[in-house]
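First the proteins, then the strands, lettered A, B, ... as listed; each starts at 1.
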Amino acid sequence: MIDIKLLRANPEIVKENIRKKFQDEKLPLVDEVISLDQEYRNAKSRADFLRSRRNSISKEIGALMAKGLKDQAIEAKKEVEAMAEELESLKELEDKLSKRINEIMLVIPNIIDESVPIGRDDSENVEIERIGEPYVPDFEIPYHVEIMEKLKGIDIDSARKTSGNGFYYLCGDIARLHSAILTYARDFMIDKGFTYYIPPFMIRSAVVNGVMSFTEMENMMYKIEGEDLYLIGTSEHSMIGKFIDSILSEDELPYKLTSYSPCFRKEVGAHGIEERGVYRIHQFEKQEMIIVCKPEESMKWFKTLYNLTVEFFRSLDIPVRVIECCSGDLADLKVKSVDVEAWSPRQKKYFEVGSCSNLGEAQARRLGIRVKGKDGNYYPHTLNNTVVAPPRMLIAFLENNLNADGSVRIPKPLRVYMGMKEKIEPNG
RNA sequence: GGAGAGAUACCCAAGUGGUUAAGGGGCUCCCCUGCUAAGGGAGUAGAUCGAGAAAUCGGUGCGAGGGUUCGAAUCCCUCUCUCUCCGCCA
């Protein structure tokens, strides 16, 4: 959500940004919102004038009544009543216009950073760097479900009975590995100076509406029947929601937060649940990182954040690459975003395991998160990034740490969380 | 789940339809005072929107949203949260 003042003053900047994102169908909205905004301000000026009149006359009536001058009071009442109709229709107009303006402003994309590569869709995303050698062993890597089943670590058939497609039971060493990775991720982030949070796993509709669009909500969020509560799709929802409508003190910035939560997603959108396995599922767990900082620091934090994910994956011997989202693939609220992808030696390609985003001030503006500065209040920048999200991450982990005999290496940092085991074995 | 009480500024708190939302603490500034004190005075309703080059003016705002009224912190309706008691519970 951009500042309407920017749009009033520099509509060309906003239009150019829309063109860069190949959303030309939104171009007319810019002129539409400018004229609606003018209409709105005219209506507001007139209505405010009438309200001001009404307030002062009402005060006079009070004074007249106190003196017992009833007749004069009745005369004054008539004057207010005379403008009641105009005021009411102006109020309706104000409400209608501001609602429409707000709708449009929500659809107009945030101004992307100059450094974002221009491209239509994800096929034009740009690889920034590869870290680690994408290694393909000389034996065949089975599908991840097969690896897990050999280790007696997954039961999808039972999950289908209890919960349907898109769910799983993890068990034994695989379940333990899943927890170990999250616990390691938690400690990894704490060691980097982040504050650990366990947030609410359900949030109210008011918060949902603040953190995502209606379509996103429909496609992602599970609603609790008979309650005004939704299961979170990521802890970012509760973590950013926590700051809604509040004024932060400048000396508390930056907030460096890391949160754990289960995540629930309907996955109604383009893909649905189409693959057997744990790649796209209704329920997973995630360690997340969140930054709320001064505007001038957000790009520095952006790099820091995705490098933390890279460092985390490298510490588990998983090759990764960083892909920058091009202008057309960038969500409307984002200023800049990269995906961290892990190497799959089975598919011989990289696949997404995390996403790092700089939202600029757009999210803060939308949620009413402000900072009390020396020269007035301003909107902070917000960023979020995945540390790790198993069980999808287990796919990369198992494929990259698999031995020819079907056992799986446990990299050093995880061993303390795995009973000091150096590997897990099919008959372990 | 049941019963009751409450939500006003940085904090405490008064305010049951009418001119400018009491008072106290705290904080800021000034005065007095040779010494960690005490006293006197002034300021202190955040936030947000609009008009204006600016000074400034106006609107909204007493948990949220509606309603009644010329006028609502105050009356009515719905909701949220907090506290106390009872019940239930990992």
Side-chain angles (χ1 to χ4, degrees), chain A residues 1-9 33-106 198-211 223-230 237-238 241-252 262 361-380:
Chain A
M1 191 166 195
I2 62 169
D3 189 350
I4 194 158
K5 285 175 187 154
L6 170 74
L7 194 144
R8 269 180 215 153
V33 83
I34 286 173
S35 98
L36 289 172
D37 177 54
Q38 187 58 56
E39 246 186 283
Y40 168 77
R41 284 184 291 156
N42 292 344
K44 179 172 165 55
S45 290
R46 176 66 186 158
D48 281 354
F49 169 74
L50 291 178
R51 289 185 185 111
S52 172
R53 278 294 294 153
R54 186 185 62 191
N55 287 345
S56 53
I57 295 171
S58 290
K59 272 175 205 166
E60 281 167 30
I61 293 174
L64 292 170
M65 297 292 271
K67 287 182 201 152
L69 301 168
K70 212 173 175 188
D71 292 349
Q72 289 183 41
I74 290 169
E75 280 305 304
K77 273 191 201 184
K78 279 182 187 160
E79 199 184 331
V80 180
E81 277 163 6
M83 46 191 193
E85 205 174 311
E86 186 187 359
L87 190 54
E88 196 176 329
S89 66
L90 279 171
K91 186 184 185 312
E92 263 173 49
L93 185 62
E94 276 181 293
D95 290 349
K96 198 181 99 187
L97 289 169
S98 70
K99 193 178 161 212
R100 179 65 189 143
I101 289 167
N102 194 46
E103 274 169 16
I104 295 178
M105 290 308 288
L106 287 175
I198 299 174
F201 302 153
M202 297 184 205
I203 50 177
R204 289 177 198 286
S205 56
V207 180
V208 175
N209 292 328
V211 295
K223 185 169 186 348
I224 305 296
E225 196 180 350
E227 311 249 351
D228 180 30
L229 286 173
Y230 291 79
H237 297 155
S238 341
K242 151 184 157 61
F243 296 108
I244 218 163
D245 287 324
S246 56
I247 299 178
L248 313 175
S249 147
E250 198 169 42
D251 51 23
E252 286 167 21
E361 62 170 42
Q363 197 170 34
R365 179 184 300 283
R366 189 168 161 166
L367 298 174
I369 304 170
R370 285 141 299 163
V371 178
K372 196 178 194 69
K374 286 177 205 73
D375 309 310
N377 293 352
Y378 60 90
Y379 292 104

Is it true that a side-chain atom of A:N209 and a backbone atom of A:S205 form a donor plus acceptor pair closer than 3.5 Å?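 The answer is yes, because a donor-acceptor pair under 3.5 Å joins these two groups.
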Within the supplied structure, the quantity of interest is the number of heavy atoms (other residues, nucleotides, ligands) at a distance under 6.0 Å from A:E252 CD; does it exceed 12?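 Yes - once you tally the heavy atoms of other residues, nucleotides and ligands closer than 6.0 Å, there are more than 12.
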Both distances under 3.5 Å, Watson-Crick or G-U wobble: report the partner of [N], or none.
| N | result |
| --- | --- |
| B:rU84 | B:rA3 |
| B:rG43 | B:rC27 |
| B:rG17 | none |
| B:rA90 | none |
| B:rU56 | B:rA51 |

Both A:S58 and A:R204 contact RNA chain B. Taking the nearest nucleotide for each, which residue is further toward the 5' end? A:S58
Got a salt bridge between A:K99 and A:D95, using NZ or NE/NH1/NH2 to carboxylate O under 4.0 Å?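 Not counted as a salt bridge, because no side-chain N and carboxylate O are separated by less than 4.0 Å.
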Gap in Å between the two P atoms, one belonging to B:rU16 and one to B:rG63, rounded: 15 Å
Reading nucleotides 43-58 of chain B 5' to 3', which nucleotides get B (base under 4.0 Å from a protein heavy atom), which S (sugar-phosphate only), which -? ----SSBSS------B
Rounded to the Å, how far apart are A:D245 CG and B:rG63 P?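 Whole-Å distance recorded here is 16 Å.
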In whole angstrom, what separates A:K91's NZ from B:rU60's P? 11 Å
Look at all strands and tell whether A:I57 reaches a base, only sugar-phosphate, or nothing, counting heavy atoms closer than 4.0 Å. nothing
